Student: 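The following block contains the structure, expressed as structure tokens.
For ligands, and for the atoms within them, numbers begin at 1 and follow the listed sequence. Please read these numbers as outputs of a predicted model, since none were measured by experiment.
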Amino acid sequence: MLRRGKWLGAAAVAIVLIAGLIATAIPAQRSALAGVDNGHYGKKAKYVFFFIGDGMGMAQINASEIFKGTLESTDPMYKGKLNFAAFPNQGMQTTNSANTFITESAAAGTALATGHKTNNDVLGMDPSKSVKFKSMAEMAKEKGMKVGIVTSVSLDHATPGAFYAHEPTRKNYYEIELAMVNSGFDYFAGGGLLAPTGAKKNRQNVIDIAKANGYTVANTKEEIANLNPGSGKVIAINPGLASEEAMQYEIDRTNQYSLADFTRQGIQQLDNPNGFFMMVEGGKVDWACHANDAATTVRDVLAFESAIGEALKFYAQHPDETLIVVTGDHETGGMGLGFAGTEYQTFFNKINKQKLSFEEFDKAISEYRKVVGPGGANLNDWLPILADKFGLTELSDYDKSRLSAALAASMVEAKKRNSDPNSNLLYGTYEPFSVTVTHILNQKAGIGWTTYAHTGVAIPVFAQGLGGEMFRGYYDNTDIAKKLMSIMGLQYQ
Ligand SMILES: [Zn+2]
């Protein structure tokens, strides 16, 4: 015992001495950082992955763990493991924008990409909409790193746009696309473009501008399969997109490329001696949560996790030079694990039985409305479909009365329906029957929702790799950008 204690004591003294020598040898490098100590004495991360689950808070993560457990085991208490939840460094970020405690994706994206607060709806600019904030992606590109932007929603959406555009409103899609094709970034992949010829369809097609700027535009399965490091700068648009130029929900995905596919392809396109920065957004976690559809939400979280798995494979080959940061931009839906009707129980195997997203189900309701019209709906027409597509076989009289009322509301055209404030409380702006079906199914599983918009809760942050310890603690979303800039050797501006 004595000998071992002596040895440990000597080792401790040696470590303190060595640490002291290193610390005194590098003060100049450390002070050059933007007020953030990266803890690595000037060593910079060469490969940086920034994963943003849009609308992904702790409830979405926990729900996905429990749901994954139902896929992997019949033990009702078995909890699945998400790769990023095991990262050694974890923290929490506050998400408020400059003007509200409940942010949205433009203000949140601006904070995460540039380190500055702005007002809701403003993209990469200050609240007065006169000052442009430089993003870490733009700085990385200037420094000679390659840059990639991957998202499951349209490439001009707020979260990806925050890394390359500066617009007074996130809705300036054409201007955001112009910024995208003029960014010089090396790899854009995922969804499409919302207004490639402008809001009035009278502008030069941005795809043509992209090609003139040297981009290889791949939008068929073959063209995407043929991409290789020699393709130069790339814009890859998944064929067979769903609404709003977004990729399909994972629960609906047929033969489309996945977020993981585009992440793997991105690594291939971006890997080079000067390093790279890649932002990957799981953009439809947010959309599914807006619609209060838990089954669609957790499937998209798992698709996002698979994309992180691709980064982890790269990390395994370059552990000393790679940093992976995973977070969300805000929580969406006020998702809660626990519901008044189920109290201390959860039954997540129930959402396992859902076979399609609310969006695909909406299409069937729309067809039905065309056939039966207002006043012609009968819930009995739908009971076999609810059993088959949602596993809803045991419906109480209360469930049926809610479903009948929602079905009747769905037979009214959306324009007339949304002017009714009570309808907005019950159904948001969603298809009443669809959202009532997912509410009932989710509640039976033990999942509740409070809103069709976002909430203001803090969001977890997970980090692994060089500089990962910087992400421990409780800080602001703008600090994430400052920490990332610091570890990449970029100057916060
Ligand atoms: Zn968002």
Student: Do Asn292 and Thr438 pair up side chain to side chain, a donor and an acceptor below 3.5 Å, judged on atom types alone?
Tutor: no
Student: Taking atom types as modelled, is there a side-chain donor on Asp261 or Ser258 under 3.5 Å from an acceptor on the other?
Tutor: yes
Student: Does His116 have its ring centroid less than 6.0 Å away from the ring centroid of Tyr492?
Tutor: yes
Student: Within Glu104, is some N, O or S atom less than 2.8 Å away from the Zn ion (ligand 1)?
Tutor: no
Student: Do any of the N, O or S atoms of His330 sit under 2.8 Å from the Zn ion (ligand 1)?
Tutor: yes
Student: Are the ring centres of Phe188 and Tyr164 closer than 6.0 Å?
Tutor: yes
Student: Take the Zn ion (ligand 1) as the vertex and measure to OG of Ser105 and OD2 of Asp329; round to 10°.
Tutor: 100°
Student: In Asp54, the N, O or S atom nearest to the Zn ion (ligand 1) is which?
Tutor: OD1
